[in-house]
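So that the names make sense, note that chain A is the first sequence line, chain B the second, and so on, each numbered from 1.
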Amino acid sequence: MLLRLRAAVIFILVLGVVLSVRQPAHAIPAFARKYDLPCSACHEAWPKLNDFGIAFRDRGYQLGNEKDSPIWQNPSYWPITFRITPEWHRESSSNQVVDTVPGNPALGQIYQDVTTHGFDFSGLDIWAAGTLYKDISFSVLPSADSSGSFHFENVFVRFDNLFRTRWLNLKLGKFELDNLVSEKRMLFLSSNGGFYQVYHYTPFREVQFRASNPPIVQFNPVFGIGDNQLGVELSGHSENSYARYSVALLSSNEGSPGLPNRTYDWWASFNQGFAVGKLGVQRVGAFAFFGQRPTFFNTSFGSPVLSEGLGNKSLYRAGLTGLFYIKKVDFSTVFVHGWDNVFLGTGTAANAPLPVGARGPTWNGGFVETHFTYSPQLVFVQRNEIVRMSRQVFRTDPRDLGDIDAFSFGLRYYPFMFSRAGLALHTEYSLVRSYKSASPLPTSTSPFGPDLRSSSVFIGLDFAF
Amino acid sequence: MKHNRMRAHFTGILVLLFAGVGQVIFAQESHIGGLTGEGSRGKQLYRRYCVGCHGPLGDGRGENAPWIDPKPRDFVTGTFKCRSTPTGALPTDEDLYKSVTRGFVNSNMPSWLPLTKQQRADLVAYVKTFSSSFREEKPPSPLSMPSESAANQQSIQSGNELYQKMNCWSCHGKEGRGDGPSAQTLVDNRGYPIPPYDFSVGTRFKCGESNQDLYRILMTGLDGTPMPSFANGLTPAQAWDVVHYIRTLQMNVKRKKQTAENEKKDRGESKPVGAQPE
């Protein structure tokens, strides 16, 4: 039983990682083609947006030159972009529990590093986005994993400049939560570095408990700030998009279609930019998420009626963001504070007793990501990230259980920069240390294992047309 | 072999020296309000944002130029549409700054407002380096603009008559629909066909949207296009009359609001319509 549980823990951890990496990232040569602008006009280094790109996006993918409506386009223009990354990568994880003699579990288990490497390719994004009419924009992004199975990463229609004010824009569908530091536009691609730990963090105990209650995982997915959500968003911005806000009402289902579960979450973000002399625009912002997740469900003759979650319990995330520019160097900074209700933290149904002494877990995390943009065609990137538990579910748990240190660096080189397509040579190294998160050996008396270290080396050709 | 390498080094140093001297000679600045723009910084920005249309040499032959209509401006000739200075003269730094900030409606030239003021000033400084004119002459002082007369019925009537008399209709059409008898034949200074402005659909102009902007357009002309300057044909009072008449041709502009705003402006209460947003 215990072994099965551990297997499940590993499975969930791995699944979590697999699901959270290879986020479709956003860069749209279809816009470049429409407006004859080079990638570098909207992107610091694609897919990361610059001030001009932020304003273009805020305006509903419009330049405001009276030629935004598709009626002005050559009828053969088709607003489609695709992006994929053929690559070589190496993945390594320390302290994996393996049988001492392969094929013979009875002879005991030991810790071992597991390393793989080889040629591969990322998932595929096929992105259509643009305007349906002046001041009505849309986006549809079917995205495949590398085996070719598709899901809809985003689908929305947006009404821009309602009542002729840029402070009111309404979006309906599945979309990215507006935030200053976008995970969809990050300059990292590897399995370990290609997502922000703090945007997806779940305390170790919670992962463990969820693993022992598989049905709940299905209709009570873990919330990720970086995950696109289903809902409706009201947003606005000043003319130069230095001041921006967004408020969204979301279904509490983590963007999974076909899973209405009768409850709603809230997201709000605000950010403000300041032009500081010769340094450029410095931006600071804040965001907050307040949501709820069901903890059990009705059953019919014992089998779960999954569409109807019950016993909702809440969770929140709140944070601060910043984008700071000093000539060719810039920093993206994020701080997040997280809290999950004790029922969620322990995976307990709200109509069942809590484990003795259990508390709602809280944590703090953040990162500093540095970019050195040598030129629009060459950018060096680096990120330091930490997550620290501030309250463990159980007082007796080690203070650093589930804490994370992550470090990545790399470079992206764009051999050409024009307005029809984009290509980047991407190289990256990334290392993640998860404290006491390895599975304990069956012989161990402790419920926790040693630290887990995973690393990625990545060399790929990231291209978009 | 070694010798060759030495020579290569030497030429390299010469080239560097030369480039250095070039930099000093051609170093350009722009002055916009209290801001000083620098060409060297502008160059980096130009390569990121502008080069695809205006070209590395600033001659309007960027890689996208073939697909764009109207064509990107050729900065080398020193001929600019939107100026506060008389026809044939160079624009002021402020004029270029406003053009870069505003963008050109009905063209591919975007508004670069999201860039900081400093960045736009730097860009202006760099744009000026492409034409020797900016080194050889100084832009004259901007045209003086007497304050706007009242937009009453009498003024509009007089404007209507002047619109006929000054032959605006021959290009812009009797009702301002851009369909005058010579409309089809017009070309710009590079030989590309150019349609006269259609007042019935347009709300903004390339060179602004306020009454002041309109006045300036009439009195300075759009250099490089068939749209002439009427500084010699119209008195300032007459020019304001034409401005008021033109407003009545704009079907898509809420006229009531316009007059209300004008009245306010006459009393000096509000910023001009479409004044630069910062």
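Contact tally against chain B (heavy-atom pairs below 4.5 Å) for A:Pro376, A:Gly273, A:Ala55: the top residue is A:Pro376. Among the candidates A:Ser375, A:Cys39, A:Ala41, A:Ala275, the residue making the largest number of heavy-atom pairs closer than 4.5 Å to chain B is A:Ala41.
Although no hydrogens or angles enter the test, the distance criterion places no donor-acceptor pair under 3.5 Å between the side chain of A:Tyr35 and the main chain of A:Gln62. Proximity of a side-chain donor or acceptor of B:Gln118 to a complementary backbone N or O of A:Gly280 within less than 3.5 Å is not detected.
Both the backbone and the side chain of A:Ser419 come within contact range of chain B, judged by heavy atoms closer than 4.5 Å. Only the side chain of A:Lys67 comes within contact range of chain B, with heavy atoms under 4.5 Å apart.
No hydrogens or angles considered: a donor-acceptor pair under 3.5 Å links the side chains of A:Glu176 and A:Ser182.
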Starting from the C-alpha separation in whole Å, work towards a yes-or-no answer on salt bridge (Lys or Arg N to Asp or Glu O under 4.0 Å) for A:Asp68 and A:Arg59. CA-CA 11 Å; A:Asp68 295 304; A:Arg59 265 181 254 150; over 6 Å; no

